[in-house]
Amino acid sequence: MAYDFRAIEPKWQKKWEEKGAFHVEAGAEGPKFYCLEMFPYPSGALHMGHLRNYSIGDLTARFLRMNGYNVMYPIGFDSFGMPAENAAIKMKTHPAVWTKKNIDHMIGQLKSMGCSYDWRRLVKTFEPDYYRWSQWFFLQMYKKGLAYRKHAPVNWCETCGTVLANEQVIGDGVCWRCETPVVKRGLDQWFLRITDYADELLEYLDKLPGWPERVLTMQRNWIGRSEGVRFDIEIAGTGLTIEAFTTRIDTIFGITFVALAAEHPVVEELASRSDGARRAEILGFAARMSQRSAIERTAAGGDKMGMDTGFKAINPANGELVPIWIADYILTDYGTGAIMGVPAHDQRDFDFVRKFGLGVIPVVRREGEPVPDPAEMTEAAVADGVSCNSGQFDGLPTPVAIERISAWFEEKGWGKRETQYRLRDWLISRQRYWGTPIPVVYCDRCGIVPVPEESLPVELPLDAVVPENGVNALLGRPDWINTTCPECGGQARRETDTMDTFICSSWYFFRYLSPGYDKAPFRSEDAKYWMPVDLYIGGIEHACLHLIYARFFTKMISDLGLVPPDMREPFTGLLTQGMVIKDGAKMSKSLGNVVDLDEIINKYGADTARLFILFASPPDRSLDWSDKGVEGANRFLNRVFRLVEGKADSLRRASRQHVPMGAIESAGARDLKRLIHSTIDRVTRDIRDERQFNTAVARMMELTNGLAAYKPADATDQAVFREGVESLLLCLSPFCPHIAEELWEMIGQSGTLSLSLWPKAEEDALDVDKVTVVLQINGKLREQFEMPPGLDRDELAKRVMELDQTKKRIEGKDVVKVIAVQDKLVNIVVKG
RNA sequence: GCCGGGGUGGCGGAAUUGGUAGACGCACGGGACUUAAAAUCCUGUGGACGCAAGUCCGUGCGGGUUCGAUUCCCGCUCUCGGCACCA
């Protein structure tokens with residue numbers, strides 16, 4: 001008979017809830033620990049990624065709680081966004097109705113998993129009580145100039161009918177959500193000045209030792225800092241100048257052309273100063289180039305397009321005249337949209353001149369080698385070397401040349417040292433209904449007017465109907481759009497764009513700390529106590545999305561003075577869980593390899609589901625779903641259940657007096673006692689230090705095997721057995737809390753296991769009374785012996801050398817050397 | 001191209017500071033119980049040769065350091081992920 005998880009699991013869930021067992025308050029006893037999971041989007045039902053995420057989180061929260069920590073462990077729903085609108089159209093309902101229904105269902109699922117959240121802190125981002133404060137943050141940023149509106153070429157997703165932030169364009173230029181190729185559109189949009197924090201966002205990555213290297217690298221790449229010189233280039237005979245940026249100012253004497261992006265404003269200027277035919281040619285070329293999408297540009301495979309404008313630029317370093325070209329490989333939104341072309345030392349410039357027959361001037365040579373012949377060069381010489389053809393800078397090693405020439409440019413007033421970032425400001429406008437309204441109105445007289453703080457929230461009308469064609473439902477609500485200007489009282493229109501939902505998720509972890517608070521987004525003293533998050537668990541797909549935005553928000557919040565000035569980072573520990581895979585692919589409806597969580601819980605119980613997912617793989621690696629593996633986990637729990645249930649009577653009767661190692665006579669009981677405490681020791685270290693939950697489970701299985709094979713003879717033996725069962729249940733409880741509670745009760749314990757203290761390994765029970773020592777001959781394993789532990793190396797070597805087996809092994813051979821390792825091995829090096 | 005992770009049995013995965021490679025589980029083989037099956041229990045299981053004792057091979061590939069290397073060093077290779085005409 002399998003154990004009855006269907007009765008046990010709800011029973012304990014109810015008891016925990018009735019007791020408020022997991023309610024938590026700031027300032028309670030013990031060191032604080034904030035354990036946070038990436039809150040789910042209410043898509044309908046939890047999937048296996050959620051099971052994994054929340055099994056890891058709940059395990060951590062429960063483990064630390066048992067270890068005396070005051071653990072903040074909350075949950076919520078990231079409940080604005082596209083899918084709700086799509087569902088509303090498809091099912092002819094309202095996004096709010098669909099979202100609420102899904103949240104209710106998913107709350108039920110989270111409870112059936114046995115997660116130990118403090119449910120009083122539940123946060124739902126679509127509630128006015130929450131998004132009011134997102135709007136408030138927007139206003140604060142507007143005041144500080146961190147939120148601004150500008151006309152810009154932006155990423156547009158046709159399927160989603162909205163613009164996207166750079167971070168939300170993934171792979172080779174597709175929408176992160178629906179994978180539609182993104183196109184550029186010129187629109188007036190709201191941006192957040194995240195680039196103001198680029199430097200700090202980058203620098204502080206070095207102060208996050210609790211983050212995986214992968215994520216740090218991804219963010220470093222994304223922010224993409226480079227140091228160089230920004231300088232002016234004069235266009236001969238026009239009085240115009242072009243700004244350029246370079247990281248290799250040391251190659252300034254090697255310029256053979258200047259190239260402009262097609263969208264560069266000076267292009268039009270040059271066209272207007274050209275004669276008719278020429279003008280049309282330039283404008284036509286520029287228009288053709290700028291119309292091409294990012295995908296088309298890169299798909300060209302590096303084959304560069306360009307056109308000579310006929311104008312000449314003056315190299316500031318030496319006064320030389322070089323042609324000015326328009327080139328498709330110059331990006332309009334990086335640097336200045338114009339470059340100095342140095343084909344000898346930049347591969348792209350090299351490719352360009354080889355195609356269009358422009359010159360090459362080497363200005364860096366390898367140390368000890370002559371200046372290369374440009375005609376013989378087959379590729380650009382990108383590596384550092386020694387300057388040449390560079391006037392007074394000849395002979396300087398590259399880093400020195402960069403330093404000297406930069407200083408020279410600054411001295412002459414030709415340019416300035418500057419740092420460039422790849423990171424762009426965060427475009428937060430969305431042409432969508434189901435989101436947080438941007439609290440701004442447009443007045444014909446006053447222009448852009450922020451909604452006053454005391455008028456917040458700007459509520460999203462819930463009686464809007466999402467139209468079939470999917471456009472923003474707010475556009476069909478003139479009654480909502482038309483309003484009065486807060487400044488002049490005249491007619492004004494509300495902003496109909498809503499905020500990127502990533503705004504909602506950029507600060508929710510602060511809101512958990514002060515649920516329902518209505519004076520501010522959160523109480524500063526709550527944040528001061530609980531923040532930063534000690535462990536944040538979620539998928540790696542947010543490495544350059546949510547995890548950058550939340551860092552930015554935290555810095556902004558700190559600058560607003562809501563948290564102490566030194567609280568600059570939201571998450572000190574980060575655990576990026578791997579994907580859940582089935583049959584070699586990520587679970588997805590289209591592949592038909594989805595395993596339903598409810599079905600698994602119904603068939604095997606939550607404890608089994610949790611145990612399997614924690615056991616099958618270390619948390620940061622991808623995990624192969626295996627139906628057989630689930631059965632294995634279930635088999636183990638049944639085994640534990642039978643073991644305890646079968647001996648329940650004698651366990652209840654057994655002495656609860658602590659039996660120290662020294663008081664145990666029988667060898668069997670001594671061995672079990674050692675097994676118990678080495679298990680406690682290993683499980684504790686695996687969870688706390690290594691986060692290797694899979695090996696922790698393996699240890700518990702070993703202890704179970706040991707307990708099952710154990711034959712207690714007397715009362716002391718029985719007491720040790722009871723100690724073993726208690727220890728097993730304590731260790732098991734963060735993994736499989738329901739069955740552990742049930743068996744805890746069954747052996748006659750009163751009180752809630754989940755609130756009990758974690759067991760402590762007894763030092764003297766970790767000592768062994770014999771060790772296995774191996775004999776190696778020339779490094780190869782030959783024999784094994786039992787030896788008393790702690791023998792010093794000489795003694796160990798001596799004893800092993802005296803053994804018959806050893807003598808036989810080395811008979812007739814010259815012993816060159818004997819190496820002994822305490823408690824481990826003796827290696828005899830022989831000749832002949 | 002640059003950056004980062006990874007490569008261990010049939011599979012998921014273990015291996016303190018270099019010190020018994022393959023813990024634990026899955027799958028599979030043999031056995032017990034059963035009329036039978038399921039469940040459960042016992043047992044075997046990296047490969048090759050061997051009746052056996054045992055010997056040899058074995059942690060992506062090739063070198064090196066060392067008494068001894070999955071672990072350290074050098075050079076490759078494959079794979080996953082990120083970035084990428086970023087000046």
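Everything numeric in this text was worked out from a predicted model, so none of it was measured. Note on naming: letters A, B, ... go to the chains in the order of the sequence lines (proteins, then strands), and numbering restarts at 1 for each one.
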Quote, to the nearest angstrom, the P distance that separates B/rU66 from B/rG22.
27 Å
Any residue in residues 416-426 of chain A with a heavy atom nearer than 4.0 angstrom to RNA chain B? Just list them by number, or reply none.
A/R422
Mark up nucleotides 10-19 of chain B, 5' to 3', with B wherever a protein heavy atom is under 4.0 angstrom from a base atom, S wherever such an atom reaches only the sugar-phosphate, and - elsewhere.
--BSSS---B
C1' atom, B/rG50 versus B/rC41: distance in rounded Å?
33 Å
Mind running a 4.0 Å heavy-atom check of residues 216-227 of chain A against RNA chain B and sending the residues that fall below it, in number order?
A/T217, A/M218, A/N221, A/W222, A/S226
Under 4.0 Å between a side-chain nitrogen and a carboxylate oxygen: does that hold for A/K304 and A/D328?
no
Kindly say whether, by distance alone, the side chain of A/K817 makes a donor-acceptor pair under 3.5 Å with the base of B/rC67?
no
N/O contacts under 3.5 Å, protein versus nucleotides 40-43 of chain B?
residue, atom, partner, partner atom, Å
B/rU40, O3', A/R642, NH2, 3.2
B/rC41, OP1, A/R639, NH1, 3.1

Within 90° of 0 counts as syn, otherwise anti: where does B/rG31 fall?
anti
Listed by chain and number, what are the side-chain hydrogen bond (donor to acceptor under 3.5 Å, both in side chains) partners of A/D794, not counting sequence neighbours?
none
Atom CH2 of A/W625 to atom C1' of B/rC26: distance rounded to whole Å?
14 Å
Assess whether a salt bridge exists between A/R685 and A/E690, defined as any Lys/Arg side-chain N lying under 4.0 Å from an Asp/Glu carboxylate O.
no
Please map the stems of RNA chain B, keeping only stretches of three or more Watson-Crick or G-U wobble pairs with both distances under 3.5 angstrom.
B:1-7 with B:77-83, B:10-12 with B:24-26, B:28-32 with B:40-44, B:46-49 with B:54-57, B:60-64 with B:72-76
